[in-house]
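Numbering of ligands and ligand atoms starts at 1, following listing order. Every value quoted in this text rests on a predicted model; they were computed, and no experiment measured them.
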Amino acid sequence: MTLKLTTAGESHGPALVAIVTGLPAGLLLDREAIDHDLHRRQLGYGRSPRQQIETDRVDVLAGLRHGRTLGTPLALVVPNRDHKNWTWGMSPWPPEGEPTGKGTKPVTVPRPGHADLAGVLKYGLDDVRDALERASARHTAVAVAAGAVAKALLREIGIEVAGGVVGLDELSGRVDEARQDRDTIGGVVEARARGVPPGLGSYATKDDRLDARLAAALMGIQAVKGVEIGEGFALAAMRGSQAHDEIVPGLHRETNRAGGIEAGVSNGEEIVVRAAMKPLPTLMRPLQTVDLATGDPAEALVERSDTAAVEALAVVAEAAVAFELARAAREKFGGDALGDFVAAHTAYLERIAWRPR
Ligand SMILES: Cc1cc2nc3c(=O)[nH]c(=O)nc-3n(C[C@H](O)[C@H](O)[C@H](O)COP(=O)(O)O)c2cc1C
């Protein structure tokens with residue numbers, strides 16, 4: 001039994017879609033809680049005015065009845081409200097009538113740092129828009145909705161996941177300065193998970209390792225260029241005597257430099273992971289590029305864009321970590337009905353309850 005997420009959707013297309021398979025039947029979902037996470041993803045200092053247009057809300061097309069999962073594929077939809085300005089430009093079918101609204105002219109000036117150049121070369125495209133629409137982080141909205149579902153499942157076994165920005169206090173100053181210079185910034189986010197039992201993930205194969213899986217989940221988010229588990233890079237400069245978390249009676253640790261994972265397996269301590277985001281590639285003072293239509297030097301595409309999205313990344317990272325932990329928990333505890341899943345977790349905790357021999 002495993003949990004799987006598949007998403008589809010372009011940034012200015014009609015909607016974003018997610019299909020989640022592998023949920024147990026009987027999980028109660030709260031629409032407000034999902035919409036609350038969607039709302040959190042849209043907040044943050046340095047976001048573009050698009051966030052005011054969107055006000056994301058989730059719809060469910062399948063897999064849910066009267067608020068409870070059916071154990072069948074769950075289909076989530078987040079409509080793109082901005083699509084109304086792009087109905088000709090982003091029409092899935094050949095558009096009818098005269099070109100109108102946004103996205104009617106091909107984009108030929110790829111932005112350094114974005115998907116634009118690699119995308120047109122790889123897929124044989126003439127219009128950079130055909131690459132950037134999917135590469136854009138807009139579809140993280142529906143991944144956040146799936147993350148909210150994962151959090152609801154994890155809560156049933158006492159696991160809570162929370163994300164935040166590292167150095168939030170300085171963020172508004174950095175954003176203001178960058179915006180004045182018509183530049184962009186990145187930043188660092190952290191996700192923490194409490195209540196994770198020892199034993200999620202495995203050292204059996206590299207694909208089972210929980211640290212590798214969390215790193216892949218975070219690296220799977222646009223603009224994330226570095227991930228660390230626990231003290232991560234700082235461990236490299238420490239001695240073993242300073243780095244490892246000594247085991248004390250009760251099988252607890254007084255430090256948590258490992259970030260709750262040893263040998264690819266959760267060890268019962270809080271899981272702590274961090275992700276570094278690069279500065280966003282769309283600059284209001286554009287970088288140098290080449291016009292693909294003429295081969296001449298040109299300025300890169302300028303389109304409505306965030307100065308910073310690190311607060312949004314914190315919410316997206318929280319969702320990604322929650323989904324991955326929920327997947328590891330489904331693999332360990334299984335069950336077609338929610339009660340089976342919870343009972344397996346309870347029985348496991350009883351089995352590992354430590355007593356002196
Ligand atoms: C939540 C979020 C919002 C983002 N918003 C923007 C944006 O407004 N403008 C932009 O140029 N890049 C934005 N990005 C980053 C790009 O999507 C990303 O840099 C691009 O897809 C290229 O992928 P890469 O950075 O992983 O190489 C955002 C990323 C995230 C996670």
Side-chain angles (χ1 to χ4, degrees), residues 7 9-13 16 37-54 56 78 80 82 102 107 109-123 125 128-148 163-166 171 175 178-179 181-191 215-227 273-287 289 299-321 323:
T7 72
E10 278 71 42
S11 181
H12 300 99
L16 308 163
D37 277 357
L38 292 176
H39 179 63
R40 287 171 60 221
R41 194 198 71 95
Q42 295 192 278
L43 298 177
Y45 208 77
R47 303 306 303 283
S48 83
R50 175 166 189 185
Q51 306 311 323
Q52 284 137 34
I53 302 175
E54 287 293 351
D56 289 330
V78 177
N80 282 327
D82 198 16
K102 297 187 178 175
V107 178
V109 280
R111 290 161 296 176
H114 218 299
D116 306 359
L117 181 58
V120 293
L121 295 175
K122 176 177 168 66
Y123 291 100
L125 308 170
V128 165
R129 180 153 308 284
D130 286 337
L132 71 87
E133 280 286 327
R134 175 64 182 167
S136 146
R138 168 71 191 144
H139 69 265
T140 58
V142 81
V144 165
V165 174
V166 176
L171 182 66
V175 170
R179 191 186 271 138
D181 298 340
R182 294 188 293 146
D183 216 325
T184 58
I185 59 165
V188 177
V189 302
E190 183 175 89
L218 290 168
M219 275 287 185
I221 305 170
Q222 289 84 347
V224 170
K225 297 298 144 195
V227 175
V273 292
R274 269 179 231 105
M277 181 183 219
K278 75 183 190 184
L280 305 178
T282 311
L283 273 66
M284 293 303 123
R285 187 163 57 191
L287 296 173
T289 191
E299 288 190 340
L301 171 68
V302 178
E303 103 173 353
R304 188 172 53 209
S305 180
D306 302 330
T307 305
V310 67
E311 286 178 89
L313 176 65
V315 179
V316 178
E318 171 186 301
V321 166
F323 199 88

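T282 and R111 are linked by a side-chain donor-acceptor pair at a separation below 3.5 angstrom, with hydrogens and angles left out of the test. Residues S11 and R129 have side chains that never bring a donor and an acceptor to within less than 3.5 angstrom of each other.
The shortest non-hydrogen separation linking I221 to A320 is CD1-CB, 4.0 Å.
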Are there any protein N or O atoms under 3.5 Å from the N or O atoms of ligand 1? List them with distances, or say none.
from	atom 1	to	atom 2	distance (Å)
ligand 1	5 (N)	D306	OD2	3.1
ligand 1	8 (O)	S305	OG	3.2
ligand 1	8 (O)	D306	N	2.9
ligand 1	8 (O)	D306	OD2	3.2
ligand 1	9 (N)	S305	OG	2.7
ligand 1	11 (O)	T282	N	2.9
ligand 1	11 (O)	T282	OG1	2.5
ligand 1	21 (O)	A135	O	3.2
ligand 1	25 (O)	A223	N	3.2
ligand 1	25 (O)	K278	NZ	2.8
ligand 1	26 (O)	A223	N	2.9
ligand 1	26 (O)	K225	NZ	3.2
ligand 1	27 (O)	K225	NZ	3.2
ligand 1	27 (O)	K278	NZ	3.2

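Not one N or O on the side chain of R285 forms a donor-acceptor pair closer than 3.5 Å with the backbone of D183. A donor-acceptor contact shorter than 3.5 Å is absent between the side chain of R41 and the backbone of V142. Remark: the backbone N or O of H12 is not paired with any side-chain donor or acceptor of K102 at under 3.5 angstrom.
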